[in-house]
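Structure record follows, encoded as structure tokens.
So that the names make sense, note that chain A is the first sequence line, chain B the second, and so on, each numbered from 1. Below, all heavy atoms of this structure are taken into account, side chains as well, without hydrogens, waters or symmetry copies. Bear in mind the structure is a predicted one, so any value in this text is a computation, not a measurement.
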Number of protein chains: 2
Amino acid sequence: MTEPAPSRAASKSAQTRQRILDAAAEVLSRKGYAGTRLADVAAVAGVQAPAIYYYFASRDELVEEVMWVGAHRVRLHVEERLAAVPEGASAMDRLMVAVEAHLRFELQLSDYATASVRNAGHVPEQLRVRPAAEEAQYTHLWRDLFVAAQQAGEVRADLDINILRLLLLGAMNWVVEWWNPRTRSLDDLVATAQGMIRHGAGT
Amino acid sequence: MTEPAPSRAASKSAQTRQRILDAAAEVLSRKGYAGTRLADVAAVAGVQAPAIYYYFASRDELVEEVMWVGAHRVRLHVEERLAAVPEGASAMDRLMVAVEAHLRFELQLSDYATASVRNAGHVPEQLRVRPAAEEAQYTHLWRDLFVAAQQAGEVRADLDINILRLLLLGAMNWVVEWWNPRTRSLDDLVATAQGMIRHGAGT
DNA sequence: GCGATTCTCTAATCTGGCTTAGAATCGAGG
DNA sequence: CCTCGATTCTAAGCCAGATTAGAGAATCGC
């Protein structure tokens, strides 16, 4: 009561802002940039469309924030998992951990990540600036993983690891286009992706 | 489909229609569904926007045709290359041929293919009906390749080839999001993709 | 309780971009 | 040359959906 609690008042407001952002992530991940109506986002968030303007200057600003948060969180999540890998693990093991972390986060944990991945190439140029900085760091993280693995002799020396990295990220990102949790097991997906990279399909 | 080719002069009218369709494929492949303005398409085709309506009933009908043509041609191209594979080739060799054909066609030969791949998940539901039938056939083609390879013992028995197929197609489709012919060699890309599937990255 | 402030709503405005109307142009016969 | 159909143009029309205005409801500090 007598508590100053600007944090409390701000908290309710912040919660609404969060609901709107979550709703935007959900709709964007499902319908894509072109199919996302502000009215849909508002409905999911449980407000009227104009209320969004109290928290965001424009539709595009809202979209940009979703994209950035998505890119940011994926990176944090993968970094966390990598940090938890025991000291003695091989470079290839670290790569496998990153693959698992990326897939699980993207498919299970975060509409933001899905929205970010699906729409990265479809939003207007200006919206890509801030998220692009995040993605650059993420690219760097993966490049390091591949470089370490190749230098350790755990990735064939004749492979172009830049291309390989982009192919792998592509395979994982595209999963959001076809994944259906009801018909497939995430564990199987992770295992298959890891197997593809580590050993390939051939006998 | 839209080219009965009345013998001699592919009537001027048909040529214009083709120019518009080509322009739409080019713009769609570059800017995506949301970013494609009818005025841009018209400019590339060298006409005014309303001229498009002489040949297509609506923007969406134009987009749908591009998407369908893209899906159709990729499949035809891959089928052609597979038909040219010598009798004695292994199932894995056939898979490698398909990978190369898909990549080369998508990146070198066809804005239609690129447009189709990039926008498949971003156009309104109703536009996906006709292209979806094409894609189903294409899926079938790849499934057969994988089944044959696994039954021949050339793909490890413990792999889920449905997941593997989707990962591979994803890796190849995502290439359109990052590919830059100026900085990378298509031959290297093809070789790396083939190597990834056949042998993996591990040593 | 009671203003002051924060938040949300309804109603209206604005605009980009698809689409339509209808006039001009072109090209092949006659 | 003139006519007619095919083609393309300029000038509007029109609408979905973002955005703005300004009036109410909720909440807070006192």
Under the side-chain hydrogen bond (donor to acceptor under 3.5 Å, both in side chains) rule, collect the residues that match up with Arg37(B), sequence neighbours excluded.
none

Output all residues satisfying side-chain hydrogen bond (donor to acceptor under 3.5 Å, both in side chains) with Arg59(A), sequence neighbours left out; order by chain, then residue number.
Tyr33(A)

Below 3.5 Å, can you tabulate the donor-acceptor pairs from side chains in residues 48-56 of chain A to any protein atom, sequence neighbours excluded?
none

Go through the structure and list residues passing ring pair (Phe, Tyr, Trp, His ring centres under 6.0 Å) with Trp68(A), not counting sequence neighbours.
His72(A)

Is any side-chain nitrogen or oxygen of Thr16(A) closer than 4.0 Å to OP1 or OP2 of dT8(C)?
yes

Could you work out, with side-chain contact (heavy atoms from CB on, under 4.5 Å) as the rule, every residue matching Gln151(B), not counting sequence neighbours?
Val147(B)

Give the residues of residues 38-61 of chain B touching DNA chain D, defined as any heavy atom closer than 4.0 Å, sorted by residue number.
Val47(B), Gln48(B), Pro50(B), Ala51(B), Tyr54(B), Tyr55(B)

Whole angstrom is fine here: how far is it from CD in Gln15(A) over to P in dT6(C)?
18 Å

